[in-house]
Each structure stands twice: as C-alpha cells, then as structure tokens.
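What follows is one structure encoded as structure tokens, with my remarks underneath.
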Amino acid sequence: MEYNVEKIRRDFPGLDRSFYGHPMVYLDNTATSQTPRQVVEEIERLYYNHKANVHRGVSSISQEATDRQEATRRRVAEWIGAGSVEEVIFTRGTTESINLVAASFGQRFKEGDEIILTVMEHHSNIVPWQLLAMRTGIRLRVVPLGSDNSTLDFESYRLLFNDRTVMASFCHVSNVLGTVNPVSEMIAIAHSHGVPVLVDGAQAVPHMKVDVTALDADFYVFSSHKMYGPTGIGVLYGKRDLLESMPPYQGGGEMISSVSFGGTTWADLPFKFEAGTPDFIGIAALHRAIDYIDSIGYDAIYRHEKELLDYAVDGMKGIEGMRIFGNSPHKSAVISFLIGNAHHYDTGMLLDKLGIEVRTGHHCAQPLMRALGIEGTVRASLAMYNTKEEIDMFLLALRRIAPMLA
C-alpha cells in the first residue's frame, strides 16, 4: 500500500501553522510529537462523558473509567510483548519510570556496587542513578563512544562487567546521535554476568516495533508524548518477579491492600506502584495513539522516515561548513548538526524566522556533548507526517543562513 503522507497530515491540524509568514516545518519530534485529532477527540469525549475516578467505585461511570484505563494496560502489554498486564505500570513519563526503578529496585544495592551506563544517556538516565549513588555509595561506570564518535565502544562495555556489577541501564536510541544501539546483544552480555538491565526506549517506541520479551529486557520505559499520545503519561515495563520483589516507590491511595497505624500491606501488581489518582483520561487516550501507529504500520513508518533522513543528510552534506554528528549505519530519524563554529542557538533562531522548528542546546545529554567536544547542537528530528517538500524547505533555509553564520 502506498504511503499517503498527505492523508496522515490531515489528522494533525497542529501542523498547519505559520511563523513569520512561512509555513511551519515541525522538526522537533524527538522532544515531543504532534497529536492526531483521533487522540484529541478521544480526550474530549472522555472528559465530557466518562470522567470519574477509577477503581473502588461502584457507580457505573467509575466502572466505565476503570474499564477504559485497564483496557489500555492490556493494549500496552500486548503491544510491547509483555508476559502479563501486571508487568505494565503507568507513570508520568520515562523520567519517572527510571526514578521509580532507581529508588525502589536500587534499595538492594550497597556501597561498592557498580552500575553501568553509557555516555549517550539522557540526563533522566543519569541523575536518578547519581542520586542513588549519593545515598548508597554505589559507583557509576560509563561506556565511552567508539572511534567513530557515533556508536558505543562495545569492547569497553564488555570489559566493564565484574563481580561488583549489579545493574546496567542504557538507551535503545540516542536522542542526539540517532544511533540505534544493539540492545539485544547488550542485554545478553549483561545477563551472562547475572546483571539485570533497564532500557530507555523513549526514542525507540515512536519509530520501531519493540518486543520486551524477545529483547529479554528486565525493565523497559517510554513516554506517551513522543509517540503521538497525551502528555504526562509513561510506561514502566518490568519482569513480574522483579516488580514483586521491589518495595513501593510512593505511598498513598490505590497502592495499598490494608492500612492501619500499626502497619500497611501493599496492593498486588501493578497497583503497588500507582499511588494516588492516575491520569486516567490520558491513559485511556494512549490506547488511541497506539491504535493510530498500528493503523499506519511500523514498517511503513520506518521506510518513510528513512527515505526522508537519507534525503536530508545528502542535501546537508553540500552546505558549506556543515558538521553532522552521528553517522551510525543503524540510525533513527535524528540529525544533530552545527554550521561551522556558529553557536547552535543562533542557527536555531535564524531557522525559526524561516518557519523551521528545530531544537538547540545540549538536549539533556551534556556528558555526550563533552565527549564530542562541543557545547550543543541543532537537532532536526523527523516523524511519520514530515514530507520531502518540508525537507526541501529545511535545506533551502540552511543554504540561506549558512553564509550569515560563516
């Protein structure tokens, strides 16, 4: 079936804006994607017709809301290949999911234990472990970049494991370089040493099919807002035996079985980790975002984004002073770049004046920037609804501003 990008774009009214007299070209999808009308309309419908607190309610409307939330949990479990619905925990996003694991699973770690991270990590997969290190005295070990400055030094990763290693945590896809890491192999190496693994899938799930069981990931985390869904919703997948062994992350309503001033017992999974009233509207609407992605198909999305990525990179290479960071053969639809020695902020501001919406800065990956010897980059990131015509406008804008920045 032919990929009908114009039909897809009609589902995203937010793409029809203009800035400074130029049609908007939205290339900030790695930070957050736009949302299709099907998801927004579902949110509106739920707020108007099905808004009642979930669980424990005997009223029909409460039961309706509960059924919708739990239907999404079943949908997510099936979508990512989880073994059971109890292995799917709803959070506020990737960041909270990682913090939950660090704070709860991390209670078993002690001074002298080591956790392996990589230089590619987003701050949300660094700082929670640093906070744990401050409390416990664990040590963080970091996998460096390889000689190509685009992929990880795989041999260094192998050699970091020793009898003190208790955890490995790394991204599936780099939010700066676009590099798709060989997570299946990395997990297998960790497991050969008896070490559990958390995978940050925030940049993978919008672009590729993920099967957590096939990967054998112990924990896998991602966010709704990067995959065309509502903001403020995230998912933590964890193997059931690990989740059952972990203490609660937060206390309050919903996560208990029984409470007295003499002591409290916890609810069963997954509710043990879902204290308080969840964003049950957003969770239910996430179901529609998943349905939308499946209606297009990951294979079709990949082919379209890959074609745009190759076209954009080929065009950028001919621009004087262009420096592209991240040239892995296994790469997602992300282009980080600088024009000569021009500051990334200046480049981004000039592009904005021409309607090109990109992101500038360190992208919450300052250790990676230091490894690359730079302060930050301009980042253009693609999604299923971007077009070749938009890439042409992006390239034309780059050619126009490059002489100004020389």
Side-chain angles (χ1 to χ4, degrees), residues 28-35 39-40 42-43 54 69 72-73 75-77 79-80 82 87-106 117 120-132 169-176 198-208 210 212 217 219-238 243 246 248-250 252 254-255 270-290 292-293 332 334 359 361-365 379 381 383:
D28 195 18
N29 297 286
T30 293
T32 196
S33 61
Q34 296 296 309
T35 308
V39 175
V40 176
E42 179 71 357
I43 292 170
V54 293
Q69 173 175 296
T72 302
R73 197 187 309 273
R75 182 71 166 104
V76 171
W79 195 59
I80 64 173
E87 294 178 322
V88 173
I89 312 297
F90 290 122
T91 66
R92 291 181 299 140
T94 300
T95 297
E96 185 176 50
S97 295
I98 297 172
N99 274 276
L100 190 161
V101 175
S104 179
F105 191 68
L117 307 177
M120 289 184 183
E121 301 313 310
H122 189 281
H123 294 167
S124 61
N125 199 26
I126 299 173
V127 179
W129 304 111
Q130 289 178 328
L131 292 172
L132 180 64
S169 187
F170 43 76
C171 59
H172 197 154
V173 177
S174 167
N175 76 312
V176 174
L198 181 148
V199 179
D200 173 0
Q203 302 301 336
V205 170
H207 306 286
M208 65 184 70
V210 170
V212 294
F219 302 100
Y220 197 97
V221 301
F222 58 94
S223 296
S224 164
H225 73 98
K226 296 180 188 291
M227 48 171 282
Y228 314 104
T231 60
I233 299 296
V235 170
L236 162 63
Y237 159 80
L243 292 174
M246 292 160 54
Y249 172 55
Q250 294 177 322
E254 188 62 35
M255 49 74 66
F271 308 113
K272 179 173 74 170
F273 294 108
E274 294 181 357
T277 299
D279 183 357
F280 51 86
I281 298 291
I283 291 169
L286 172 60
H287 196 301
R288 290 290 176 267
I290 294 172
Y292 190 86
I293 291 173
S332 188
V334 177
R359 182 135 314 233
H362 52 66
H363 314 301
C364 294
R379 185 182 67 193
S381 49

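Side chains of S169 and N125: a donor-acceptor N/O pair is present below 3.5 angstrom, by distance only.
From F90, atom CZ reaches atom OG1 of T72 across 5.5 Å, with rounding to the nearest 0.5 Å. Residue T30 holds its OG1 atom at 5.0 Å from CD of Q203, rounded to the nearest 0.5 Å. Here the CG-CD distance, from D279 to Q69, works out to 9.0 Å after rounding to the nearest 0.5 Å.
The shortest distance between side-chain heavy atoms of R73 and P270 falls below 4.5 Å. For the pair Y220/V210, a side-chain contact is recorded, criterion being any heavy-atom separation below 4.5 Å from C-beta on. P230 places a side-chain heavy atom less than 4.5 Å from the side chain of I43. Using a 4.5 Å cut-off on side-chain heavy atoms (C-beta onward), V88 and W79 make no contact. Residues L243 and F219 form a side-chain contact, since some pair of their non-hydrogen atoms from C-beta on lies under 4.5 Å apart. Looking only at side-chain heavy atoms (C-beta outward), V76 and F222 come within less than 4.5 Å of each other. Proximity of F273 to M255: side-chain heavy atoms (C-beta onward) are nowhere separated by under 4.5 Å. At least one side-chain heavy atom of E274 sits less than 4.5 Å from a side-chain heavy atom of I89.
Looking only at distances, a side-chain donor or acceptor of S381 sits under 3.5 Å from a matching main-chain atom of N29. Judged by distance alone, with hydrogens and angles left aside, the side-chain atoms of H287 form no donor-acceptor pair with the main-chain N or O of A285 at under 3.5 Å.
In terms of heavy atoms, A365 sits closest to H123 at N-NE2, 3.3 Å. For G201 against H172, the heavy-atom pair with the smallest separation is CA-CB, 4.2 Å. Residues D28 and R379 approach most closely at OD1-NH2, 3.9 Å, considering heavy atoms. When all heavy atoms of P206 and Y228 are compared, the pair lying nearest together is O-CE1, 4.4 Å. Taking all atoms of both residues into account, the shortest heavy-atom contact from R92 to E96 is N-OE1, 2.7 Å. Taking every heavy atom of both residues into account, V235 and T91 meet most closely at N-OG1, 3.8 Å.
Annotation: R75, atom CZ; neighbour count of heavy atoms from other residues, nucleotides and ligands within 6.0 Å is above 12.
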Next item on the list: Report the C-alpha separation of V173 and H207 in whole Å, then their side-chain angles, then the decisive distance to 0.1 Å, and conclude whether the side-chain contact (heavy atoms from CB on, under 4.5 Å) test is met.
Entry: CA-CA 10 Å; V173 177; H207 306 286; over 6 Å; no
